[in-house]
Amino acid sequence: MNNLLDYTLNELEEMVSPKFRAKQIFEWIYKKTVDTFDDMSSLPKQMREELSKIYHFNPLKCIKAEQSSDKSIKYLFEALDGSRIESVLLPMKEEQVDENGKISKHARYTICVSSQVGCRMGCSFCLTAKGGLKRNLTPGEIVGQILWIKKQNNIPYERRVNIVYMGMGEPLDNLENVSKAVKILQENDGLAIAPRRQTISTSGLSNQIKKLGDLNLGVLLAISLHAVTDELRTKLMPVNKAYNIQTVMQAVREFPVDMRKKVLFEYLVIKNVNDSIKDAKTLVKLLDGIRAKVNLIYFNPHEGSVYQRPDVKDMIKFQDYLSAKGVTCTIRQSKGLDISAACGQLKQRNENK
């Protein structure tokens with residue numbers, strides 16, 4: 001059976017007749033979040049029966065969820081073929097209520113989604129990499145993570161969420177399906193999540209960064225840098241052998257960026273590995289001429305890792321140096337440390353059991 005979440009509205013219009021039924025189906029799935037074709041009451045009964053024989057729109061089932069004390073939730077999903085992936089709901093701002101009991105500010109959320117089952121990049125600090133790459137996710141399996149999480153948490157249709165492709169897998173290693181997912185998510189008759197609310201993170205596939213730029217999707221770009229010398233980056237991230245720092249930075253300089261936005265550089269800070277002021281100085285030089293924002297990330301320890309979480313004082317020194325040199329720099333506050341929040345941890349723990 002074919003997954004309806006794999007199709008854009010235009011594609012669906014070519015598949016069903018008359019065309020206006022496609023828009024109705026889209027609204028039933030994405031706006032009204034029904035569970036079955038039988039719930040699509042505006043469609044003729046015969047059409048509902050025929051659709052149910054050919055299509056489905058439930059590509060994933062949640063087999064486990066863990067909620068952190070900081071209210072972030074990690075989900076372990078199982079696809080129809082038994083493959084397992086992870087997604088995370090990150091509450092960014094809580095709902096605020098005024099003295100009259102009315103909502104003055106709505107809650108804000110970010111959803112971190114996977115793009116592959118496993119990963120072949122082989123990063124030494126990443127648990128997902130240990131299992132290698134199993135397969136790419138389809139556009140519908142990517143979209144399905146977001147649809148299910150919004151529905152499960154009663155996030156109203158009109159409440160927009162931010163999407164980050166930073167879960168399991170290398171998004172640009174699955175560029176065709178990821179780019180189609182971006183298009184499906186932005187459909188006004190669907191979830192209507194604008195590309196500017198979608199961030200694609202990559203470990204630095206330079207040629208794919210160029211292809212992504214040529215697609216002109218309007219998404220934000222994030223680079224997983226993690227080291228400022230090729231020697232260290234190759235040790236941490238073997239992909240650097242094929243795409244060294246120079247080629248990555250050149251691809252970033254050529255990437256079309258909205259002048260109101262910046263390219264995000266993710267820098268995973270590992271104790272006594274890449275947390276020195278010398279590293280910070282080199283990073284400033286690398287970013288010269290780029291509209292950049294650096295996100296410092298605490299290494300999240302997992303079983304079997306040889307790396308350690310950095311000291312807070314070293315994180316602050318690193319941030320202060322970058323800020324003093326005019327580089328926008330934030331420290332990402334780790335969420336979900338009590339719920340296996342690092343990529344692949346919940347999946348690995350579940351399989352070990």
Side-chain angles (χ1 to χ4, degrees), residues 1-9 11-12 15 22 25-37 39-40 51-52 54-65 73-90 109-119 128 134-157 159-171 174-193 195 197-200 219 343-344 346-347 350:
M1 296 179 72
N2 298 317
N3 178 12
L4 280 182
L5 304 188
D6 281 326
Y7 304 111
T8 64
L9 180 57
E11 288 175 331
L12 193 55
M15 294 159 51
I25 294 170
F26 240 67
E27 290 180 342
W28 278 114
I29 293 175
Y30 293 108
K31 292 186 178 181
K32 300 176 183 177
T33 61
V34 297
D35 294 313
T36 67
F37 286 106
D39 297 324
M40 300 181 183
L51 287 171
S52 65
I54 306 173
Y55 302 105
H56 71 90
F57 51 92
N58 295 300
L60 304 170
K61 67 176 180 180
C62 181
I63 60 174
K64 190 165 187 178
I73 309 174
K74 170 163 268 194
Y75 298 97
L76 180 62
F77 288 110
E78 186 172 88
L80 298 180
D81 66 353
S83 299
R84 294 183 176 182
I85 57 171
E86 297 175 352
S87 310
V88 186
L89 175 67
L90 300 167
Y109 301 95
T110 292
I111 299 177
C112 179
V113 298
S114 293
S115 56
Q116 295 180 309
V117 180
C119 183
T128 300
K134 301 297 190 297
R135 68 173 177 85
N136 288 330
L137 294 183
T138 69
E141 289 174 325
I142 297 171
V143 172
Q145 298 170 62
I146 299 155
L147 181 63
W148 192 94
I149 289 174
K150 282 199 72 175
K151 180 179 179 180
Q152 180 68 19
N153 291 276
N154 298 313
I155 301 174
Y157 161 76
R159 293 276 82 77
R160 301 296 179 253
V161 297
N162 293 318
I163 307 301
V164 291
Y165 298 83
M166 297 181 184
M168 296 172 65
E170 162 58 62
N174 186 20
L175 179 57
E176 181 178 353
N177 290 341
V178 168
S179 60
K180 189 172 183 181
V182 170
K183 295 175 183 177
I184 295 170
L185 290 170
Q186 74 177 76
E187 296 273 12
N188 286 329
D189 294 302
L191 291 178
I193 302 174
R197 289 185 175 273
Q198 302 186 51
T199 300
I200 294 180
V219 295
C343 286
L346 181 56
K347 176 176 179 290
N350 206 65

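Just so you know, these numbers use all the heavy atoms, side chains as well, and skip hydrogens, waters and symmetry mates.
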Next on the checklist: Going by salt bridge (charged side-chain N to carboxylate O under 4.0 Å, His left out), name the pairs with one or both residues in residues 137-149, residues two or more places apart or in two chains.
Outcome noted: Arg135-Glu141
Checklist entry - Can you tell if the side chain of Leu137 reaches within under 4.5 Å of the side chain of Ser114, non-hydrogen atoms only? => result yes
Checklist outcome for this item: Lys180 meets the side chain to side chain donor-acceptor pair (under 3.5 Å) criterion, sequence neighbours left out, with Glu11
Item to check | Shortest non-hydrogen contact between Ser115 and Gly169, atoms and distance | outcome: OG-C, 3.8 Å
Checklist entry - Is there a side-chain contact between Ile54 and Met1 (heavy atoms, below 4.5 Å)? => result no
Next on the checklist: Just to verify, what does Glu176 make a salt bridge (charged side-chain N to carboxylate O under 4.0 Å, His left out) with, not counting sequence neighbours?
Outcome noted: none
Checklist outcome for this item: Output for pair (Trp28 CH2, Phe37 CZ), nearest 0.5 Å, gives 13.0 Å
Item to check | Flag side-chain contact, heavy atom, 4.5 Å: Leu60 against Trp148 | outcome: no
Item to check | Listed partners of Lys61 passing salt bridge (charged side-chain N to carboxylate O under 4.0 Å, His left out), at least two apart | outcome: Glu78
Item to check | Validation row: Asn188, Leu9 side chains within 4.5 angstrom (heavy atoms) | outcome: no
Checklist entry - Does the Gln145 side chain pair with the main chain of Val113, one donor and one acceptor, at a distance under 3.5 Å? => result no
Checklist entry - What are the two closest heavy atoms between Asn58 and Leu80, and how far apart are they? => result O-CD2, 4.1 Å
Checklist entry - Should Ile111 and Lys150 be marked as a side chain to side chain contact (heavy atoms under 4.5 Å, CB included) after you check the CA-CA gap, both sets of side-chain angles, and the distance that decides it? => result CA-CA 9 Å; Ile111 299 177; Lys150 282 199 72 175; 4.2 Å; yes
Checklist entry - If you round to the nearest 0.5 Å, how far is CG of Asn174 from OG1 of Thr138? => result 9.0 Å
Checklist entry - What pairs with Asn153 under side chain to side chain contact (heavy atoms under 4.5 Å, CB included), at least two apart in sequence or on another chain? => result Ile73, Tyr75, Leu89, Ile149, Ile155
Checklist entry - Does Arg159 have any side chain to side chain donor-acceptor pair (under 3.5 Å) partners at least two apart in sequence or in another chain, and if so, which? => result His106
Checklist entry - Can you name the residues that form a salt bridge (charged side-chain N to carboxylate O under 4.0 Å, His left out) with Asp39, not counting sequence neighbours? => result none
Item to check | Shortest non-hydrogen contact from Pro139 toward Ile184 | outcome: CB-CD1, 4.1 Å
Checklist entry - Do the side chains of Thr110 and Thr199 get nearer than 4.5 Å, heavy atoms only? => result no
Next on the checklist: Can you tell me how far apart CG (Leu5) and CG (Leu185) are? Round to the nearest 0.5 Å.
Outcome noted: 10.0 Å
Item to check | Atom of Ile142, atom of Ala181 and distance for their closest heavy-atom approach | outcome: CG2-CB, 3.9 Å
Item to check | For Tyr55, all residues meeting ring-ring contact (aromatic ring centres under 6.0 Å, His included), sequence neighbours excluded | outcome: none
Checklist outcome for this item: d(Ile146 CD1, Tyr30 OH) to nearest 0.5 Å is 9.5 Å
Item to check | Atom of Phe77, atom of Ser87 and distance for their closest heavy-atom approach | outcome: CE1-OG, 3.4 Å
Item to check | Separation between CZ of Arg197 and CG of Leu191, rounded to the nearest 0.5 Å | outcome: 12.5 Å
Next on the checklist: Restricting to side chain to side chain donor-acceptor pair (under 3.5 Å), what partner residues turn up for Lys151, sequence neighbours left out?
Outcome noted: Asp35
Checklist outcome for this item: Nearest heavy-atom contact between Pro195 and Gln186 is CG-OE1, 3.3 Å
Checklist outcome for this item: By salt bridge (charged side-chain N to carboxylate O under 4.0 Å, His left out), Lys31 pairs with (sequence neighbours left out) Glu27
Checklist entry - Can you tell me if Glu86 uses its side chain to pair, donor with acceptor, with the backbone of Lys74 under 3.5 Å? => result no
Item to check | Sub-4.5 Å side-chain heavy-atom contact between Leu147 and Thr33 | outcome: yes
Next on the checklist: Please determine whether side chain to side chain contact (heavy atoms under 4.5 Å, CB included) holds for the pair Ile63 and Arg84, giving the CA-CA distance in whole Å, both sets of side-chain angles, and the decisive distance to 0.1 Å.
Outcome noted: CA-CA 9 Å; Ile63 60 174; Arg84 294 183 176 182; 3.3 Å; yes
Item to check | Separation of Ile200 CD1 from Ser179 OG (nearest 0.5 Å) | outcome: 7.5 Å
Next on the checklist: Run the ring-ring contact (aromatic ring centres under 6.0 Å, His included) test against Tyr109 and tell me which residues pass, sequence neighbours left out.
Outcome noted: none
Item to check | Residues forming a side chain to side chain donor-acceptor pair (under 3.5 Å) with Tyr165, sequence neighbours excluded | outcome: Gln198
